[in-house]
Amino acid sequence: MGNHLGIKLKIGGFHICLTSSIDNVTQHLINLYGDFELLHDDDFIDFHVELNAPSLARRLFRPQVSFSFDGHVPFKPLPYDQAAAMFEWGLNWCIANHSNQYLIIHAAVVERNGQAFIFPGTPGSGKSTLCAALVLSGWRLLSDEMTLISTVDGMVHPVPRPISLKNQSIDVIHHFSDQAFIGQVVKDTAKGTVGHLRPPNASIEQSAMPAKPTKLIFPKYKEASETQLLELSKGKSMMRAAEDCFNYNVLGSQGFDVLGNLIDQCDCYTFEYSQLTEAIQLFTQLTD
């Protein structure tokens, strides 16, 4: 992959061109994106992104990395060793801000037996840990970070990527499965200690296959709590899900209609848990 990295990747329904001269980014792609489809030179690109050191002086005295999208720099530079994580965060930003063909919910989404389970979540809710454990137990990963609901047909469109794990979740998932491959772990980021779990090859191979949403579950990890799944009214589910959408207001009445249809076709719940094995057993039973 050379020192100057210009690589074109198909990630779900998006075509990404990434240019970088940073070894950490190269290693991140080798470790976590090795199974993704490479695009041809004449394929249309949705997002041209670059990660590079902003200046020679900074490179020498205070190494930093800067993210740019189509020549625009939307964020302040970060410490150099956070380059791979910045790629993931920057790509989240690109998709969330430029994909209004979807209603985008800040939620993990996985699928089993043709049923997509959506887990909206604020930081600390345990959605990514739960998502990782389900995926390592044979569920299909559609997305860890963003659920893309088509404004045309209401289906969930996959964008399987490395699952972002933070702080103690990294050790939890390492111990949960010996199949867990987590790339470079970076400390002292704005989100604490961060590592990314490699997505299963089967999920990547099925990234062109939408899934029907059937469950909307608001998870909350609570230490030593019993596993508890409680029905949530359609009205409260609609209000909570709207708060978790990136572009609900941008889509206006269309966003209201798409979200309303989603709520209508899903069973809605709150979910409290402390034991991953119990959570997986419960959700697996729901799909059988």
Distance-only check: which donor-acceptor pairs under 3.5 Å involve side-chain atoms of residues 93-101, not counting sequence neighbours?
residue: N97; atom: ND2; partner: W93; partner atom: O; Å: 2.8
residue: H98; atom: ND1; partner: C94; partner atom: O; Å: 3.0
residue: S99; atom: OG; partner: I95; partner atom: O; Å: 2.8
residue: N100; atom: OD1; partner: N247; partner atom: ND2; Å: 2.9

For residues 81-90, please give each side-chain donor-acceptor pair under 3.5 Å, one per line with the distance, not counting sequence neighbours.
residue: Q82; atom: NE2; partner: D188; partner atom: O; Å: 3.4
residue: E88; atom: OE1; partner: Y33; partner atom: OH; Å: 3.1
residue: E88; atom: OE1; partner: R161; partner atom: NE; Å: 3.4
residue: E88; atom: OE1; partner: R161; partner atom: NH2; Å: 2.7
residue: E88; atom: OE2; partner: H28; partner atom: NE2; Å: 2.8
residue: E88; atom: OE2; partner: Y33; partner atom: OH; Å: 2.8

Could you pull out every donor-acceptor pair under 3.5 Å between side chains of residues 272-288 and any protein atom, sequence neighbours left out?
residue: Y273; atom: OH; partner: G126; partner atom: O; Å: 2.9
residue: S274; atom: OG; partner: S225; partner atom: N; Å: 3.4
residue: S274; atom: OG; partner: S225; partner atom: O; Å: 2.6
residue: E278; atom: OE1; partner: T227; partner atom: OG1; Å: 2.5
residue: T284; atom: OG1; partner: I280; partner atom: O; Å: 2.7
residue: T287; atom: OG1; partner: R112; partner atom: NH1; Å: 2.5
residue: T287; atom: OG1; partner: T284; partner atom: O; Å: 2.9
residue: D288; atom: OD1; partner: R112; partner atom: NH1; Å: 2.7
residue: D288; atom: OD1; partner: R112; partner atom: NH2; Å: 3.3

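Applying the ring-ring contact (aromatic ring centres under 6.0 Å, His included) definition to pairs two or more places apart or across chains, those involving residues 224-267 are H106-F246.
Residues forming a side chain to side chain contact (heavy atoms under 4.5 Å, CB included) with D35 (at least two apart in sequence, or on another chain): N201, I204. Taking F218 as the reference, nothing meets the ring-ring contact (aromatic ring centres under 6.0 Å, His included) condition, with sequence neighbours excluded. Contacts of H174 classified as ring-ring contact (aromatic ring centres under 6.0 Å, His included), with partners at least two apart in sequence or in another chain: none. In this view, E37 satisfies the side chain to side chain donor-acceptor pair (under 3.5 Å) rule with no residue, not counting sequence neighbours. Not a single side chain to side chain donor-acceptor pair (under 3.5 Å) links S164 to another residue, sequence neighbours left out. D178 pairs by the side chain to side chain donor-acceptor pair (under 3.5 Å) definition with nothing, not counting sequence neighbours. Under the rule for a salt bridge (charged side-chain N to carboxylate O under 4.0 Å, His left out), the partners of D267 that lie at least two apart in sequence or sit in another chain are K215. Every residue two or more places apart in sequence or in another chain was checked for a side chain to side chain donor-acceptor pair (under 3.5 Å) with T270, and none qualifies.
Between S128 and F119, every side-chain heavy-atom pair lies at or beyond the 4.5 Å cut-off.
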